[in-house]
Structure formats: C-alpha cells, structure tokens
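Reckoned from all heavy atoms, side chains included, excluding hydrogens, waters and symmetry mates. Nothing here was measured: the structure is a model prediction, and the numbers come from that model.
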Amino acid sequence: MNDCRFFVPGPTWVRPEILEEMTRPMIGHRSAEFKDLFRKIIADLKPLFVTTQDTFVATCSGTGLMEASLANCATRRVLITTCGAFSDRWAAIAESLGLEVDRLETPWGTAVDPDALADHLASRRVHYDAVTLTHNETSTGVTNDVASLARVIREGSSDTLILVDAVSSLAGIPVLFDEWGLDVCFASVQKGIALPPGITVVAVSQQALARAAKTPYRGTYFDFLQFKKHADTDGVPTTPSIPHFYALAAQLDAILRRETLNARFERHEAMRDLTILKTSTYAKLASDPKHASATVTALAPVKDPELIRSEMKKRGFTLGSGYGDWKASTFRIGHMGDIPLASLETMLDVLTEVART
Ligand code: PLP
C-alpha cells in the first residue's frame, strides 16, 4: 500500500514499484538497450527543466554537480548568494577549487533579495565568472525567487553564468531553465524526483558549454564536454548506476504522464499549506512565510524538537532534524516527491498530539 511514514527532507519516500524497477537485470552501458533507456530519459528531462538545451545524468549526489558547475564554468571570481547551510556549501566548494569568492549573505530564514543582489553587483563593480543561486534552501525551508535573481544577474552582465542548485525544488516547484536564462541547473534525485539517492540530473546551456571549452582544468569525472560528447551518441562517459537509470525512466514517465507536472506542483503547495496550518498552534514557522517552501518546512516548536522527533519515531513516523545553525531549535518536515497528501495529514494529526502534550 502506498502509505508513507517517512518525512525527512531528502532522501524522501520511494514508491515500492519504483524500488522494484531497480532490481531489473543488468545491461551493458554501451549496449543498444542502454541507449534506448538513455534517449527516453533525456527526452523526459527536457519538459522537467522546461528546456530545449542539453540535459545529462551524472552518477553522484547533488554536491558533485555543485563542484562540476564551478569547475567547468569559473576560473577566477564567483559570487555566492547564501541564506542557509546548502547555499553556503557553494562557497566552501568554490574556495576548495581556488576561486576568488565573494558572498552576498542573507540571514537564515529569509530569501535572497533581488534588490540587494542588484546593489551588490552595481557597487562591487567586478566581473564574476558565475553567480550561484540556491532555488530551495533545505536547511530553512525557503524558496528563492530564481526568476528575479537571474534577471538581475543578466541585466548586470551577459557573460556571468548563472549556476542553480535545484536539489530540493525540481519536480516539486516549477523550474523554468530557458525562460529564466539559467546556465547550469541540477538536482539529485532523492528529493522531488523521489528516487533513492545516487544520481543527479542537470541542464546545461550552450553558453555554459562554450565556457567549459575555454576552461583548461575541468577535471575528468565531471567534464561537461565529455558529458556532451557521449550524450550525442546516447551514452555516458563512465559506468553509470544502471539501476537508477531504470528507476528514473519509470519515475519521469509517472511524473510527466500519470500525475502531470502541474498537478504535482499543486500537490506540493497543498502539502506546504496543510503543514503550516496543522502545526500553527504549537510551532512557529521558522522562516519567512512569504517564501515558504512547497517541499520542506522548518518549524520552531514550543517543545524540544528532538523530543518531538523521538516521540514520533516511537509512533512509526520519521521527521527531519534541524540543520546546521538551527539544529537545536527546529525540526523539519519533508513533504516532497511522491508523498500522498493523505499520508501527510495522518502524520500531522499524530504530530499535533505529540507536540501539544
Ligand atoms: N543543495 C541542497 C539545497 C540540498 O538540500 C542538498 C542536500 O540535502 C544538497 C545541495 C546536497 O545534495 P546531495 O546530498 O545530493 O549531495
């Protein structure tokens, strides 16, 4: 039965029939069968990112693509916009690659302000190879307005690339890669796409590929030009996680044709609204309600968050802990992927009993 009791903000609950897909017999990754599977996946990634540009699948978690984006697209200076733990991770990676890093810092729980970004770009007056954005900050449950932020970056400079982490938004919150003018946008599959962790999907613009061609030391495993070269003949550069490819093909089919994207986005919004409504008597929304995420909610309860989580665990429900700076004061409810609204409602009713008493 499709009843979910697992509400961590990634990895998220996976439907049993999707898990089953991962037990199919192995095929060679240079075989005709694999090429068919690959073609199907790549075709279905285009409507997911709403793009006509290149899409790839990498066998790694999302952090791999954070590193790949920077390694392929930047050689000198980058601007990292931060508003929580995951947006901050970009800065650590950029520094580890030897890039000059500027930060536009926004307090935890709030969204990056497009006007502040415009002011920063106007006053700092340096050229950035790239600006990083985090569509949905999973540590705080905030969704950034990537459309407006990207517009500001484009107005400031036409050759500053826009690198977007959509790890906890893609397939739960609309991502419009072409319309927003993004250059790299990626998501690991254990969140909105609702697969077990292990692969990451990515869209890459022509401009980003052109930049990669001019970037001398891109590394090997994450070289976008190798992704492109192999994708042009329906393949991947190195041995992929083939079980994940089976499951991804089935899941993309279900998302696009069984549920449909719009219905999926509406279900996520309904899950967010229900979560906020049903927790309001015993917990404060930890983040700015105007930017409340449709995939994850961080709550600051009256009672000790860890006590609440352990009481819920005893009742068979797993919730997410607070993250980073907010570990002690909050807990998080992941409401992403394939979670049925009815399962969330059942959990929230039990949570009300636990958190109020
Ligand atoms: N970015 C965001 C917004 C995340 O939520 C996470 C993980 O939770 C990551 C990046 C890192 O992704 P991964 O754990 O797939 O490497």
Mind listing the closest non-hydrogen atom pair of [X] and [Y] along with its distance?
{"X": "Pro197", "Y": "Pro11", "answer": "CD-CB, 4.0 Å"}
{"X": "Ser241", "Y": "Thr59", "answer": "N-OG1, 3.1 Å"}
{"X": "Gly64", "Y": "Phe222", "answer": "CA-CZ, 3.6 Å"}
{"X": "Asp159", "Y": "Arg211", "answer": "O-NH2, 2.5 Å"}
{"X": "Ala213", "Y": "Leu225", "answer": "CA-CD1, 3.6 Å"}
{"X": "Thr352", "Y": "Lys278", "answer": "OG1-O, 3.6 Å"}

Just verifying a value: how many Å separate [X] [atom1] and [Y] [atom2], rounded to the nearest 0.5 Å?
{"X": "Ser188", "Y": "Asp165", "atom1": "OG", "atom2": "CG", "answer": "7.5 Å"}
{"X": "Leu348", "Y": "Glu353", "atom1": "CG", "atom2": "CD", "answer": "12.0 Å"}
{"X": "Leu319", "Y": "Thr297", "atom1": "CG", "atom2": "OG1", "answer": "11.5 Å"}

Is [X] salt-bridged to [Y], cutoff N-O under 4.0 Å?
{"X": "Asp44", "Y": "Lys40", "value": "no"}
{"X": "Glu311", "Y": "Arg315", "value": "yes"}
{"X": "Arg309", "Y": "Asp304", "value": "no"}
{"X": "Arg218", "Y": "Asp223", "value": "yes"}

Membership question, hydrophobic clusters at under 4.5 Å side-chain separation (ILVMFWY): are [Y] and [X] in the same one?
{"X": "Phe6", "Y": "Met336", "answer": "no"}
{"X": "Ile193", "Y": "Met22", "answer": "no"}
{"X": "Val78", "Y": "Val146", "answer": "no"}
{"X": "Leu195", "Y": "Met26", "answer": "yes"}
{"X": "Leu248", "Y": "Phe49", "answer": "yes"}

Please check if atom [atom1] in [X] has more than 12 non-hydrogen atoms from other residues, nucleotides or ligands closer than 6.0 Å.
{"X": "Arg257", "atom1": "CZ", "result": "yes"}
{"X": "Lys284", "atom1": "NZ", "result": "no"}
{"X": "Arg76", "atom1": "CZ", "result": "no"}
{"X": "Glu20", "atom1": "CD", "result": "no"}

(request) List in chain and number order the residues that pass ring-ring contact (aromatic ring centres under 6.0 Å, His included) with Tyr282, two or more places apart in sequence or in another chain; answer none if no residue qualifies. (result)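 Scan of Tyr282 (ring-ring contact (aromatic ring centres under 6.0 Å, His included), adjacent residues dropped) gives none.
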(message) Using the rule side chain to side chain contact (heavy atoms under 4.5 Å, CB included), only one of Thr295, Thr12, Val167 pairs with Lys191; which is it?
(response)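 Only match with Lys191 under side chain to side chain contact (heavy atoms under 4.5 Å, CB included): Val167.
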(request) Return yes if a side-chain donor-acceptor contact under 3.5 Å exists between Gln251 and Arg15, otherwise no. (result)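 Result is yes, a qualifying pair exists.
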Please report, to 0.1 Å, the donor-acceptor pairs under 3.5 Å made by any side chain of residues 169-178, with sequence neighbours excluded.
residue : atom : partner : partner atom : Å
Ser169  : OG   : His135  : ND1          : 2.8
Ser169  : OG   : Ala166  : O            : 3.4
Asp178  : OD1  : Thr51   : OG1          : 2.6
Asp178  : OD1  : Gln53   : NE2          : 3.0
Asp178  : OD2  : Thr51   : OG1          : 3.3
Asp178  : OD2  : Thr52   : N            : 2.8
Asp178  : OD2  : Thr52   : OG1          : 3.3

(message) With a 4.5 Å cut-off on side-chain heavy atoms, are Leu182 and Ser205 touching?
(response)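 They are not in contact (no side-chain heavy atoms under 4.5 Å apart), so the answer is no.
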(message) Are the side chains of Val131 and Ile162 in contact, using a 4.5 Å heavy-atom criterion?
(response)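 No; the side chains remain at least 4.5 Å from each other.
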Return all side-chain donor-acceptor pairs below 3.5 angstrom for residues 85-95, not counting sequence neighbours, or 'none' if the list is empty.
residue : atom : partner : partner atom : Å
Ser87   : OG   : Cys83   : N            : 2.8
Ser87   : OG   : Gly84   : N            : 3.1
Ser87   : OG   : Gly84   : O            : 3.2
Ser87   : OG   : Glu137  : OE1          : 2.7
Asp88   : OD1  : Arg103  : NH1          : 2.7
Arg89   : NH1  : Thr63   : OG1          : 2.8
Trp90   : NE1  : Thr134  : OG1          : 3.4

(message) So, using side-chain hydrogen bond (donor to acceptor under 3.5 Å, both in side chains) as the criterion, who are the partners of Thr110 when residues are at least two apart?
(response)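 Result, side-chain hydrogen bond (donor to acceptor under 3.5 Å, both in side chains) vs Thr110: none returned.
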(message) I need the full list of side chain to side chain donor-acceptor pair (under 3.5 Å) pairs touching residues 339-348, with sequence neighbours left out, sorted by first then second residue.
(response)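 Of all non-adjacent pairs touching residues 339-348, those that pass side chain to side chain donor-acceptor pair (under 3.5 Å) are Asp3-Ser343.
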(message) For His29 and Phe34, take the angle between the two ring planes, folded into 0 to 90°, and tell me which bin it lands in: parallel under 30, tilted 30 to 60, perpendicular over 60.
(response)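 Rings of His29 and Phe34: perpendicular, as their planes differ by over 60°.
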(request) Kindly state each residue pair satisfying ring-ring contact (aromatic ring centres under 6.0 Å, His included) with at least one member in residues 326-350, sequence neighbours excluded. (result)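 Those involving residues 326-350 are Trp108-Trp326.
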